[in-house]
Amino acid sequence: MNRRIIKLATALLAVFTLNAQKPPKGFEKVDQEVVISTLRAQMKYDIRSFSVKPGAKVKLIFKNVDDLPHNLIICTPGKSKGKDKGQEVIDAVMKLGDKGVEMDWEPKGHPRMLHSSGMVQPKKESVIWFKAPKKEGDYPYICTFPGHFQLMNGMMAVSKLANPVTNLTYKLYHGSWNKCPDFSKLDPKKTGNLANGLFDISPRDKNDNFGFVFNGDIDCPKDGKYTFTTASDDGSLLFIDGKKVVDNDGIHGVQSRSGTVNLKAGKHSIEVRFFEKSGGEELAVAWSGPGFKTQALSRSKPGGGSSGATGIPIEPNEGEATIYRNFIAGAGPRAIGVGYDEDVNLAFDANNLRLALIWQGDFMDGARHWKGRGQGYQPPAGDSVIKFPEGIAFATLKSEEEAWPKAEYRTKDLRFKGYRLDKRQHPTFNYEREGVTIEDTPTPFPGEELSQLKRTLKLSGKKTPNNLYFRVATGDIAEKNGGFLIDEELQITVSGSEALNIGGELRVPVKFKNGTAQLELTYAWAE
Amino acid sequence: MKALQTATALLILSINLTAQPKEADYYPIMDIPLPEGENIEVSGIDVLPDNRIAISSRRGDIWIADGAYSATSDNPPTWSLFARGLHEVLGIAWKDGWLYLTQRPEVSRIKDSDGDGRADIFETLGDGWGINGDYHEYAFGTRHDKEGNIWVVLCLTGSGGADDKSPFRGWCMRVTPDGQTVPTAYGIRSPGGIGFNHHGDVFYCDNQGLWNGSSSLKHLAKGSFQGNPTGNKYFALTDVLGPKPPEPKSGSRIETERKTVPDLVPPPIVLPHGKMGNSPAGIECDETAGKFGPFTNQLFVSEQTHSKVHRVFLEKVNGYYQGAAFPFLKGFGSGNIVARFSGNGTMFTGGTNRGWGSHGKKPFSLQRVNWTGKVPFEIHEMRSRHNGFELTFTHPADPKTLTDPTKYHMEAYTYIYQRGYGSPVVDKTSPKVTKAIAGTDGKSVRLVVEGLVKGHVHELHTPVIRRKDTEDPILHPVAYYTLNEIPAKD
């Protein structure tokens, strides 16, 4: 984990930390512009959280309207999600000691430092041009001038669901109501920030008799008519600039209600109130406006179904992998999820004995299966999910061109034998196919920016077929760098046999020698 | 005379008010603290060598405790995480250095081969059934039977479905030591647990629902039909149990359908829904040879909703198991799923209330029950006779309180056997105790009953019986006998 972040940070620092007002090459057009100001005599930034999409080109303008010098340094995510404020960077500043002043209180080259505005004098401003990290997560930003960071900090969320809501906070309440109560008269049980700008009821600590009040700002791109929608179980209300726009109150199953309001370009306050009495609980929020269609402001779109339950992230121990056997979307009911500490993950399908999914970032969320009764399939929690073809991965063919056999949901001539864990809890899967034993060992290893997977397959048997093929992937296959680029997103290399592109299927003939064969594959996400 | 009796009764009542015996005098429930910050919805318990125990959780962890036998709230055992990330383990059995686990998709065995305290070998032993992403697709497994098999009961898909992609839902399978999965019995709806009696015969609890008028404890005889025909479609996949059998008629009675559906084994113990509990689960036999008190070889049934443990006495009549259920112990921390006796007579219990609420309000708990050495005054056994029942007691009873037949209250009833969900109590009658003959040892009474109904639950209340020496009433003066068979005259 750490090694990867160091590499990532160094690469980005070298290329993108530029303080010029003139856009550097490639940044003539940016995906997102963010303006953050200091607040005069308050030791705070005016934007305490905002979100950007992974890989987005960002222009961040930092204005210092205060009477003291300040900077803004974006850090990599800390171990304690959402609560971290770049503590290690602050510690490093402390260590600068007397040298601190001349170094502008900036611990240059620190592995957790991504971008810096440099020290900005009173009434001056600075621009940071950067490409947002590919990895989703919460990236804290801080002022490293001694004594400032405790108050002067914020959170940049890198999220595929990035949206124009900033400064989003929540307050959680307990109580039994039939409609939204006057929350202002109640004491919240818990408060917190939602840097990703998504209205989200997963910070709750129970599933019945609770309520939320969310407050934030929403940035309207232009003057015009905006429509807001909530879908909730039970009731919800939505306010813009203190005025009620959506009334979806009362006890009900998931129900959508919308309201329309004319707004000027710029920031407006947004407040959502929600309560749940008993049974199911859900809140989805969305908006649409001049020039754009409905955009979700929550993990799921109203009426769009859920992209997956959240609230119980499953993470490996440091330096290890962790296993999650359950119903995983795309990997079947006998799925075995493996989350490696290197931030790369896979799911093995023990119904058809195949690698079903690989992905980056967060591993799995246990909330679907570990809250309530646990119905259905849960998708991966991370991003850059690659799906491998369903059906069987090994087949005997009359010729290398023969159509790949269709498979049932479960194939009888395969037998799953289990797995062994090494000292790092990395599994080797064992399975059999008609007298051939297969040992399948995936291993993570560092790549340029994202971790990759290596996979070793050892096949053996007393009587081995001479026409056994392994179907590695399907899709749009291009030969590249001595390997194959699949759908422009995954680079695969194969050694131990010569891989063939047969009509959009990457097939590897398995050549046994003295009853054994060995294949080595690498899976790398295209940069 | 009547006035005198009343006075005596009042006197007894007032005496007892001062020292009413209670369950905890005999069987106190102690909390065993679980590792802090962990969610361990206990779903399986087994006893390991060296006074350790292993527990499984619904989230798929296996934890091992050292010191659980003497644990109290202030004296937690030492816990270590043995394995993580398994698929809802509802059966755990220690054998020859391996832990055998029943997970949703398979029976597996796991082992720590390098001695670092964490399992590193995970072998799939048998997985010859389907699952398809439905939470209802539970699999409960036993420990090993005498041949080394593990018996698994498979809940239907959903409350009453049998999907083509989920073969053998609603069946009982045996996973053999060499990894075969053998279809063994059928007709299951929604099991809550499975276990052996002292002969090694296998029983499970099925929950009220489709084709189950009430929850009950059922006997998994090989080739038997347990009552719910939804899974009969899988006869197309196997001939181990012969051709597809006839199906029962909905809206009938089990007693009636037995005659035309020969594989149908009537439930040995109906656990009247709402009265005994709502959700029977694990089954555990007391084979501690008296270390847990006087109930040797009786079954102890965990009850999830009511957070209780029931006691069950079984006898075999005309070749079929049947018998009586008694309340035993209430007030557990969460919804009881499993109980496990250790050799020293400790009953470990575990539970969860996720998805289905329980009277015990904790989300999950692990507890232990140790007998104090005092024997409660209870109905020990209830046997059927050709013209009534015979009760035995754990202590001699005051004969005066045994012999008045009018002081026994009996009701008999059954449930509709139907495709729909559950059933009201139907066909209620009031059998009459006409004679009560005390045994010479004072520890038994023979009840002659007019109006026994074959197939009915016979609910008996014994409010006036008193223990001879202390005049204590029976701790649980009620029994539910399921009279599927009536024995011949002896």
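For the numbers below, each heavy atom of this structure counts, side chains included, while hydrogens, waters and symmetry mates do not. Throughout, protein chains are lettered first and strands after them, A, B, ... in sequence-line order, and every chain is numbered starting at 1.
Residues B:I337 and B:T352 have side chains in contact (heavy-atom distance under 4.5 Å, counting atoms from C-beta outward).
Using a 4.5 Å cut-off between heavy atoms, B:D164 contacts chain A through its backbone alone, with no side-chain atom that close. For a residue to count as touching a neighbouring chain, one of its non-hydrogen atoms must lie under 4.5 Å from one of that chain's; by this rule A:Y419 touches chain B with backbone and side chain alike. For B:I110, no part lies under 4.5 angstrom from a heavy atom of chain A. Heavy-atom distances place the backbone of B:A119, and not its side chain, under 4.5 Å from chain A. Residue contact with chain B, scored on non-hydrogen atoms closer than 4.5 Å, is absent for A:E408. For a residue to count as touching a neighbouring chain, one of its non-hydrogen atoms must lie under 4.5 Å from one of that chain's; by this rule B:R104 touches chain A with the side chain only. Within the 4.5 angstrom heavy-atom criterion, no atom of A:K412 approaches chain B.
In terms of heavy-atom pairs under 4.5 Å with chain A, the best-connected choice from B:R109, B:E123, B:R354 is B:R354. Interface remark: of the candidates B:S108, B:G60, B:G355, B:G355 forms the most heavy-atom pairs closer than 4.5 Å to chain A. Top candidate by heavy-atom pairs under 4.5 Å with chain A, chosen from B:E106, B:E88, B:R118, is B:R118.
No side-chain donor from either of A:T437 and A:S460 sits under 3.5 Å from a side-chain acceptor of the other. For A:Y324 and B:H87, the side-chain atoms include no donor-acceptor pair closer than 3.5 Å. Checked by atom type, the side-chain pair A:N209/A:K277 shows no donor-acceptor distance below 3.5 Å.
Aromatic ring pairs are classed by plane angle as parallel below 30°, tilted from 30° to 60° and perpendicular above 60°; the pair A:Y431 and A:F348 is tilted.
Ionic pairing of B:R169 and B:D134 is not present here: no N-O contact between side-chain nitrogen and carboxylate oxygen is shorter than 4.0 angstrom.
A:F445 carries A:K454 over the face of its six-membered ring, with the cationic atom under 6.0 Å from the centre and within 45° of the normal.
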